[in-house]
Every structure is written in structure tokens, then in C-alpha cells.
Amino acid sequence: MERPPPSPSPDGIRVTDEVQTYVAMRRHDMRVCTSCGGPILLPTSIHPPKPTDLRIRVGDFTVYVSKYQARYHDTIHAGMIPRFLDRF
């Protein structure tokens, strides 16, 4: 049986299962922000949220989305996870 797509946030942005699992494993709030390589999902300890960010609940945690990134995305997906953080 195929899984239904993840539920959208009130702003219509979906968070994939893979990102939900990543956030739960990291046990930390995250933020989608701008980088020279495109949107990136970072812990808020590295890049704190701004008052203008959108907030999306992911289990017990929050994913913040820069208002500048939000208009370009309908899904927060694994391609936004920086692989260099796997070592920390």
C-alpha cells in the first residue's frame, strides 16, 4: 500500500518523511535558509530563526523557513540536508 503524501503546513509547504526522520534523529529545531548552493536545512544552533520566518511543526520540533525561501518551495526535502553535517 502506498503511503499518502506528507501533510502540508498551514502555508502549504510539505515536509517529506525523510526530513521528518532527520529532524527527529537530530532532536533539534531546523531552519531552511539561503546558501550560495541553494536552500539548505541547518540546525538553529548554527543559523538561528528570524522573527519573519514561517514555522512548520515536525513532531516535537519546528522547521523554520526563511520568508525569502518560502515563496520558491512547496516541499522541504532531503536535497536540502547538508551531507557534511553527518560527521558532527
Side-chain angles (χ1 to χ4, degrees):
M1 186 167 150
E2 193 171 315
R3 234 193 255 189
S7 300
S9 72
D11 299 298
I13 299 174
R14 297 178 184 278
V15 179
T16 64
D17 290 342
E18 192 171 19
V19 172
Q20 290 180 32
T21 300
Y22 178 78
V23 171
M25 285 175 33
R26 289 289 185 170
R27 301 187 53 76
H28 207 289
D29 291 339
M30 299 283 182
R31 182 170 190 258
V32 176
C33 51
T34 305
S35 78
C36 58
I40 189 169
L41 185 66
L42 294 174
T44 55
S45 59
I46 294 174
H47 205 289
K50 296 181 180 179
T52 56
D53 287 351
L54 302 176
R55 293 171 180 83
I56 302 171
R57 292 299 298 171
V58 176
D60 294 334
F61 302 97
T62 302
V63 173
Y64 297 89
V65 182
S66 162
K67 70 178 183 178
Y68 299 106
Q69 286 293 326
R71 69 181 103 177
Y72 300 110
H73 302 288
D74 58 4
T75 305
I76 298 173
H77 55 82
M80 297 177 179
I81 298 171
R83 297 299 170 198
F84 70 87
L85 286 179
D86 292 343
R87 292 178 277 161
F88 297 102

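For the numbers below, each heavy atom of this structure counts, side chains included, while hydrogens, waters and symmetry mates do not.
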Q | V19 versus A78, closest heavy-atom pair with distance | A | CG2-N, 3.6 Å

Q.
Going by salt bridge (charged side-chain N to carboxylate O under 4.0 Å, His left out), name the pairs with one or both residues in residues 63-72, residues two or more places apart or in two chains.
A. none

Q: Among I56, V63, I81, find the residue that satisfies the side-chain contact (heavy atoms from CB on, under 4.5 Å) test when tested with V23.
A: V63

Q: Could you grab the distance from atom CG of L41 to atom CD1 of I46, nearest 0.5 Å is fine?
A: 10.5 Å

Q) What is the distance from atom OH of Y22 to atom NE2 of H28, rounded to the nearest 0.5 Å? A) 10.5 Å

Q | Within-4.5 Å side-chain heavy-atom neighbours: P43 and R26 | A | no

Q.
Looking at every heavy atom in both T44 and Y64, which two are closest together, and how far apart are they?
A. CG2-CD1, 3.9 Å

Q) What's the shortest heavy-atom distance between L42 and P82, and which atoms? A) CD2-CG, 3.9 Å

Q.
Show every salt bridge (charged side-chain N to carboxylate O under 4.0 Å, His left out) that has at least one partner inside residues 36-48, sequence neighbours left out.
A. none

Q.
Using only atom types and a distance under 3.5 Å, with no angle test, would you say the side chain of Q20 pairs donor to acceptor with the backbone of V15?
A. yes

Only distances under 3.5 Å count here; give the side-chain donor-acceptor pairs of residues 30-37 to other protein atoms, sequence neighbours excluded, each with its distance to 0.1 Å.
from: R31; atom 1: NE; to: D53; atom 2: OD2; distance (Å): 2.5
from: R31; atom 1: NH1; to: H47; atom 2: ND1; distance (Å): 2.8
from: R31; atom 1: NH2; to: D53; atom 2: OD1; distance (Å): 3.0
from: R31; atom 1: NH2; to: D53; atom 2: OD2; distance (Å): 3.4
from: T34; atom 1: OG1; to: Q69; atom 2: NE2; distance (Å): 3.0
from: S35; atom 1: OG; to: G37; atom 2: N; distance (Å): 3.2
from: S35; atom 1: OG; to: G38; atom 2: N; distance (Å): 3.4
from: S35; atom 1: OG; to: G38; atom 2: O; distance (Å): 2.5

